[in-house]
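No experiment lies behind these values; they were computed from the predicted model shown.
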Amino acid sequence: MDSLPPFSESPVTRRDLIRSAAVLGASSLANQVAFAAPEGGVEGEVQLPFANGSRPLVRYPQKRPLIRLTSRPPQLETPASVYSEGVLTPNDAFFVRYHLPNIPTEIDLETFRLEVKGAVKKGLILSLKQLREGFEPVEIVAVNQCSGNSRGFSMPRVPGGQLGNGAMGNARWRGARLKDVLERAGIEVGAKQVAFNGLDSPPMPQVPDFVKALELDHALSGEVLLAYGMNGEDLPMLNGFPLRLVVPGYYGTYWIKHLHEITVLDHAFDGFWMSTGYRIPNTPGACIAPGTTPKSTVPIGRLNVRSFLTSHAEGAAITCGRETVLRGIAFDGGAGISEVVVSLDGGRSWRTAELGEDHGNYSFREWTLSFVSNTPGVAEVKVKATNRLGESQPMEALWNPSGYMRNVVETVRLNLTA
Amino acid sequence: MSPRLITVFLLSAVAGVAEPVRIELPLEKPGFKPGVGVEFALQQCLICHSSEYITTQPPLSKAGWKASVEKMKAKFGAPIPADQVEALVEYLASGYGPAER
């Protein structure tokens, strides 16, 4: 095999091999690459800053210790400190989200196939090798953010996955263009949408399978990828090995993991996870008055504008009279960030931050701001980004019943000490 | 703590043959609070998902928990017998309602 998924771990010892052989059994020894977590795997605890926010830190296969929301299926958040490590989120820190408990834990690349069918001239059945070698590989740096990222901060609270801000990550994705694969199959006249299905499956037949759909125009746009690479390596199993859909600028619900079935449709797909799940109020800002219900809804789509301070956590100490550099990130749904402003006084006055390298419209954009303060006390730091379309962030959080698309101007209190 | 087991088998070194990739997930530990009716939660909720789906929710009122249980039945086909719904809702509201936080 040409490469192993990376581990920042101590080397395998001979004792490990012998112990593992006994555990896995001789018949499964041959042709296996196995990654097992220690029993339980709990390595600590974090407190997300909202009621009932206690979470264990757990080490999952191919992952460093992450914030666990649920075990079955696993849902893991990235700890806040990771976002200041670099503009790309390392594979072993990237968040994990599933809907259905039957997730694939073993993939045989010899037998894995991607099927393209439906309203096409010629159905395709592709191995990963055929996908890698038969279609031009392209790369794009893009943010994957959960629709419900930051839902735990919703006021009033709403039911659902009670996430902090860690269900987002930025990666360099590599794969074939969906457009190229669809054109190889040949789209029939009258095709309207394309549906995507992964290997994960429902616990009972009556539970709707997790299938998402894109409009045909979008599927053929050239930006949607069938990705087999992430930050220069294979996808971690828990992020969709060996293949996932990458939909730059769109919320993560569309980024189907362990993608194995693409179906071109001559009608709008009305499966549960499109027609009932993942719908937002059909209003500006996708918001409604807290506690009310929307009159009409549309499927969630592009990311809105967000920004974060990543260099300093809530309550961090800053020394007066010394230059301090604040660092952070900003991102949107693909127009690109044009400006980030930072307030050190709770929003009374704003300074323009310096923007870092542009890794493309779909990537995190880093920003920095240097300042010197001579006044001890609490500095209420606020960060606000604007994109090239002039879209920005609200000073007060917008609300919807599902807790989607939170993008309020973030506030972090720092302690300025003499 | 015991070192994690990471085992790599390089037995099949035939060029071009890829070994299956496999992971093992940590053991799941149900974490429902003791209380009247906890057996309903253990029997019904864990069919489809781990207990954290309940235990990490914000404190929900009895009406909120009833709506959740009804959603599980209507949207996700949870096979909760009609005559057990009330007992399950009572357990959830008393263990995971506002009074507890």
Under 3.5 Å donor-acceptor pairs involving side-chain atoms of residues 67-77 of chain B, not counting sequence neighbours:
{"residue": "B/E70", "atom": "OE2", "partner": "B/K66", "partner atom": "NZ", "Å": "3.4"}
{"residue": "B/K73", "atom": "NZ", "partner": "B/I80", "partner atom": "O", "Å": "2.7"}

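- Taking CD of B/E24 as the start and CE of A/M237 as the end, the distance is 11.5 Å to the nearest 0.5 Å.
- Both the backbone and the side chain of A/P73 come within less than 4.5 Å of a heavy atom of chain B.
- Atoms OG1 and CG, from B/T55 and A/N52 in turn, are 7.0 Å apart once rounded to the nearest 0.5 Å.
- Distance check: B/Y53 OH to A/L69 CG gives 7.5 Å after rounding to the nearest 0.5 Å.
- Interface remark: of the candidates A/S71, A/P159, A/P203, A/P101, A/S71 forms the most heavy-atom pairs closer than 4.5 Å to chain B.
- Between the OG1 atom in A/T105 and the CG atom in B/L25 there is a gap of 6.5 Å [rounded to 0.5 Å].
- Residue A/F112 does not touch chain B at all, counting heavy-atom pairs closer than 4.5 Å.
- If you take NE2 on B/H49 and CG on A/L100, they are separated by 11.5 Å, rounding to the nearest 0.5 Å.
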Intermediate values then yes/no, side chain to side chain contact (heavy atoms under 4.5 Å, CB included), A/E106 and B/V21: CA-CA 6 Å; A/E106 177 169 343; B/V21 179; over 6 Å; no
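- In terms of heavy-atom proximity, B/A78 sits nearest to A/M204 at CA-CE, 4.3 Å.
- The part of A/T276 that comes within reach of chain B is its side chain, from C-beta onward, which places non-hydrogen atoms under 4.5 angstrom from that chain.
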Audit row: B/E52, A/R55, salt bridge (charged side-chain N to carboxylate O under 4.0 Å, His left out) steps and yes/no: CA-CA 10 Å; B/E52 298 106 333; A/R55 304 280 187 268; over 6 Å; no
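- For the atom pair A/D108 CG and B/R22 CZ, the distance stands at 13.0 Å (nearest 0.5 Å).
- Between B/I47 and A/R72, the closest heavy-atom pair is O-NH1, 3.7 Å.
- Of all the listed residues (B/C48, B/P79, B/G64), the one sharing the greatest number of non-hydrogen pairs under 4.5 Å with chain A is B/C48.
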